[in-house]
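What follows is a set of notes on a single structure, which appears directly below.
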Amino acid sequence: MESLKKSVQSVIEKGRIGSPVFLRCVLHIASETSSLLQPTSEIVALSNGWMPSQPQRIYAQGDVNATQVTVMVQYTGGQMAMLSINRVETETAIDIMLVGNKGVIYHETPIGRNYLSATPPQLGTTGELTEVIADALATGQPITVEG
């Protein structure tokens with residue numbers, strides 16, 4: 001995951017896509033994970049690192065102990081992120097589309113159905129806003145992020 005972060009960040013810094021305005025990220029996580037809360041907070045941290053402004057509001061639906069969580073992050077500058085974390089029977093994979101005001105980045109790991117040597121993303125413990133995400137899931141309402 002760290003190499004993905006650095007790779008996308010370098011594209012952003014070079015101005016190849018302009019300023020990020022929207023992120024769609026789908027993370028398929030291997031079923032050995034007991035809760036989806038930590039992977040969800042790590043994907044939120046990934047999104048927060050690429051967006052040029054701070055998170056303003058988080059809306060989340062799903063069940064961290066079931067099969068799927070969806071999070072929408074609204075940023076103070078008007079940017080948005082739609083993040084989906086899904087428990088799967090196969091191995092961990094990620095699909096990203098980061099839209100900038102001048103271009104788009106697409107990334108999929110493993111690549112396609114017939115990959116040979118693609119490495120699945122390795123999640124760490126760099127999550128952000130875990131309590132806010134948990135509150136949004138519990139209430140089913142958008143939660144404003146305190147500055």
Q: May I have the step-by-step check of side chain to side chain contact (heavy atoms under 4.5 Å, CB included) for Ile96 and Leu46, ending in yes or no?
A: CA-CA 11 Å; Ile96 292 173; Leu46 185 73; 4.3 Å; yes
Q) Got a second to check how far Ile29's CD1 is from Asn86's CG, nearest 0.5 Å? A) 10.0 Å
(Q) Can you give me the closest heavy-atom contact between Ser35 and Asn65, atom names plus distance? (A) CB-OD1, 4.1 Å
**Q.** Residue among Val99, Leu98, Ile105 satisfying side chain to side chain contact (heavy atoms under 4.5 Å, CB included) with Pro20
**A.** Leu98
Q) Between Leu83 and Thr40, is a side chain to side chain contact (heavy atoms under 4.5 Å, CB included) present by the stated rule, with each step listed? A) CA-CA 8 Å; Leu83 315 169; Thr40 301; over 6 Å; no
Q | Nearest non-hydrogen partners of Ser34 and Arg87, listed with the distance | A | O-NH2, 3.5 Å
Q: State yes or no: do Val145 and Ile43 share one hydrophobic cluster built from I, L, V, M, F, W and Y residues joined by side-chain heavy-atom distances below 4.5 Å, directly or via other members?
A: yes
Q) What is the distance from atom CD of Gln54 to atom CD of Gln79, rounded to the nearest 0.5 Å? A) 10.5 Å
Q.
Please tell me whether Phe22 and Tyr106 are part of a single hydrophobic cluster in this structure, the criterion being side-chain heavy atoms less than 4.5 Å apart.
A. yes
Could you pull out all donor-acceptor pairs under 3.5 Å where a side-chain atom in residues 68-75 meets a protein atom, sequence neighbours excluded?
| unit_1 | atom_1 | unit_2 | atom_2 | d |
| --- | --- | --- | --- | --- |
| Gln68 | NE2 | Thr70 | OG1 | 2.5 |
| Gln68 | NE2 | Ser84 | OG | 3.1 |
| Gln74 | OE1 | Arg57 | NH1 | 3.0 |
| Tyr75 | OH | Ser47 | OG | 2.7 |
| Tyr75 | OH | Asn48 | OD1 | 2.7 |

Q. To the nearest 0.5 Å, how far apart are CG in Asp95 and NE2 in His28?
A. 7.0 Å
Q: Evaluate the side-chain proximity of Val44 to Thr130: yes if any heavy-atom separation is below 4.5 Å, no if none is.
A: no
**Q.** Minimum heavy-atom distance Ile85-Pro39, with the two atoms named
**A.** CG2-CB, 4.3 Å
Q. Where do Ala60 and Ile133 come nearest, in terms of heavy atoms and distance?
A. CB-O, 4.2 Å
Q: Quick one: pull up CD in Gln61 and CD in Gln141 and give me the separation to the nearest 0.5 Å.
A: 9.5 Å
Q: Can you measure from CD1 (Ile58) to CG (Leu129) and round to the nearest 0.5 angstrom?
A: 4.5 Å
Q: With rounding to the nearest 0.5 Å, note down the distance linking CG in Asp63 to CG in Leu37.
A: 11.0 Å
**Q.** Test log, rule side chain to side chain contact (heavy atoms under 4.5 Å, CB included), inputs His107 and Val8
**A.** CA-CA 9 Å; His107 175 82; Val8 171; 5.7 Å; no
Q) Does the side chain of Ile12 reach to within under 4.5 Å of the side chain of Met51, using non-hydrogen atoms? A) no
Q) Does Met82 belong to the same Ile/Leu/Val/Met/Phe/Trp/Tyr cluster as Val26, with side-chain heavy atoms less than 4.5 Å apart forming each link? A) no
Q: Spell out, yes or no, whether Val21 and Met80 are grouped together once hydrophobic residues are joined by side-chain heavy atoms under 4.5 Å, including indirect joins.
A: yes
Q: Taking all heavy atoms of Gly18 and all of Asn101, pick out the closest pair and write down the distance.
A: CA-OD1, 3.2 Å
Q: May I ask you to decide if Asp135's main-chain N or O and Thr139's side chain share a donor-acceptor pair within less than 3.5 Å?
A: yes
